[in-house]
Amino acid sequence: MYGKIKEDLREGLREIRDAGLYKEERVITTPQGAEIQVQGGKTVLNFCANNYLGLSSHPQLIEAAHKALDAWGYGMSSVRFICGTQEIHKQLEKKVADFLGMDDAILYAACFDANGGVFEPFMTKETAILTDALNHASIIDGIRLTKAQRFIVNHMDMADLEAKLKEAQGAKYRIFATDGVYSMDGDIAPLKDICDLCEKYDCLVMVDDCHASGFMGKTGRGTHEYNDVMGRVDLITTTFGKALGGASGGCVAGPQEMIDWLRQKSRPYLFSNTVPPVVAAGSIAVLDLLSATTELRDKLEKNQKMFRKMMTDAGFDIRPGDHPIVPIMFGKFEDDARLAQEFAAKLLEEGIYVIGFSYPVVPRGQARIRVQLSAAHEEEHIQRAVDAFTKVGRELKVIG
Ligand SMILES: *Cc1c(COP(=O)(O)O)cnc(C)c1O
């Protein structure tokens with residue numbers, strides 16, 4: 001009987017609206033790209049997608065996807081182990097494992113599912129999971145599905161990691177889970193220190209590289225390449241829904257026995273369809289492209305560094321870093337939350353699409369606009385963004 005819950009939900013929704021936290025969907029009327037049109041007809045430069053390599057609407061990918069639709073059909077109507085595996089799924093698993101420098105990989109419908117299915121098959125109540133306090137929601141949920149002992153490690157705090165590793169020595173196995181890159185700050189996990197500590201205390205390392213696969217490191221393999229620890233990270237989870245084409249799908253890559261075990265035991269793999277053929281073939285095309293040339297990740301790095309320098313020169317408070325997520329911080333102003341929202345709204349009027357984040361998404365007093373650079377951006381786009389930031393920044397007295 002839809003009665004009591006309806007009233008409660010209406011009340012709850014009103015509270016969300018009153019608090020200014022209601023999430024609206026902005027409807028886009030064009031393909032994803034550096035320049036998009038939003039409903040209402042306005043054309044804007046897009047600085048808030050995870051389209052890091054500009055592959056979402058890349059002609060080579062669209063061609064590969066068209067061909068795959070003809071060659072492999074539309075859907076599988078089955079989970080993998082019944083009749084839902086084609087040659088391209090096996091090829092993609094091999095290619096992504098090679099790209100990441102791991103033995104093997106297993107596909108999931110999304111990285112959310114990869115993280116949801118990666119812990120439970122190994123981590124019984126005799127084991128321990130250590131997890132960074134700011135890990136992605138899907139890692140948190142994946143850990144919740146286990147009966148393992150849990151240790152929450154202060155964000156990127158190596159002393160706390162060591163303390164928790166010591167506490168967890170009685171467990172049968174230990175695993176430390178971390179995002180490779182944290183999406184609100186663009187912080188890169190210190191994997192060198194993490195691997196050193198985890199080797200010392202006999203602990204597996206699992207890295208979620210959703211915001212890194214395809215572009216971090218000299219050849220774009222991810223944060224393990226960036227931190228020079230390839231071969232020392234045990235498990236990597238990642239998505240095909242960000243830099244690697246941006247459609248959907250995820251995977252776990254790791255040692256042979258662990259991947260074999262996941263194929264027997266991992267519930268989102270066993271009980272849910274995998275990525276459709278078009279997406280599998282498109283993802284193969286992405287990995288082929290990225291293995292042939294580092295041109296796109298090089299351009300992204302150049303864009304990211306250029307934008308950081310131009311914005312710093314313009315007088316903005318940028319959170320330092322080396323990632324295409326560039327947070328413009330408003331913490332030194334009173335009422336930083338409102339300011340970040342108003343700033344983002346004015347930028348949209350200027351044709352620059354970015355998102356303002358404030359408490360409770362980020363800590364109180366750390367409101368920000370998160371800018372995300374892409375290899376699809378040209379220098380002229382970046383210049384236009386900096387010009388708009390400067391104009392609005394003067395208007396709102398954020399810069400002199
Ligand atoms: C985006 C993201 C995910 C989820 O990826 P999907 O493939 O979209 O489900 C998981 N972890 C992190 C760190 C992410 O940024």
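Numbering of ligands and ligand atoms starts at 1, following listing order. Keep in mind the model is a prediction, meaning the values are calculated, not measured. In this chain, residues are counted from 1 in sequence order.
The side-chain tip of R17 points at the ring of Y22 from less than 6.0 angstrom away and within 45° of straight on. F357 does not carry R368 over the face of its six-membered ring by the limits of under 6.0 Å from the centre and within 45° of the normal. Within the cation-pi definition used here (under 6.0 Å to the ring centroid, within 45° of the axis), R221 qualifies as a partner of F99.
Looking only at protein heavy atoms, the nearest one to atom 1 (C) of ligand 1 is K242 NZ, 1.5 Å. Of the protein's non-hydrogen atoms, D208 OD2, 2.6 Å is the one closest to atom 11 (N) of ligand 1. Of the protein's non-hydrogen atoms, F112 N, 2.9 Å is the one closest to atom 9 (O) of ligand 1.
Residue-level proximity to ligand 1 for A110 is carried by backbone and side chain together, each with a heavy atom below 4.0 angstrom. When heavy-atom distances to ligand 1 are checked against a 4.0 Å cut-off, C111 comes that close through both its backbone and its side chain.
Of the charged side-chain nitrogens involved, at least one lies within less than 4.0 Å of a carboxylate oxygen, so that K67 and E63 count as a salt-bridged pair. A salt bridge is defined here as a Lys NZ or Arg NE, NH1 or NH2 lying under 4.0 Å from an Asp or Glu carboxylate O, and R14 with D18 meets this definition. With respect to the salt-bridge test (charged N to carboxylate O, under 4.0 angstrom), the residues R10 and E15 do not qualify.
Those atoms of ligand 1 that come under 4.0 Å of a heavy atom in T239, given as number and element, are 5 (O), 6 (P), 7 (O). Within ligand 1, the atoms closer than 4.0 Å to a non-hydrogen atom of G249 are 7 (O), numbered from 1 in the order shown. Taking every heavy atom of C210 and a limit of under 4.0 angstrom, the matching atoms of ligand 1 come to 2 (C), 3 (C), 10 (C), 11 (N), 12 (C), 13 (C), 14 (C), 15 (O). Under a 4.0 Å criterion applied to the non-hydrogen atoms of H211, ligand 1 contributes the atoms 15 (O). For ligand 1, the atoms closer than 4.0 angstrom to any heavy atom of S138 are 10 (C), 11 (N).
Under the 30°/60° scheme for interplanar angles, the aromatic rings of F47 and H377 are found to lie parallel.
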For this session: Any chance you could lay out the side-chain contact (heavy atoms from CB on, under 4.5 Å) test for K299 and E301, step after step, and finish with the verdict?
Result: CA-CA 5 Å; K299 184 172 172 198; E301 184 172 8; over 6 Å; no
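Considering backbone and side-chain N/O of D179, none are found under 3.5 Å from N/O of ligand 1.
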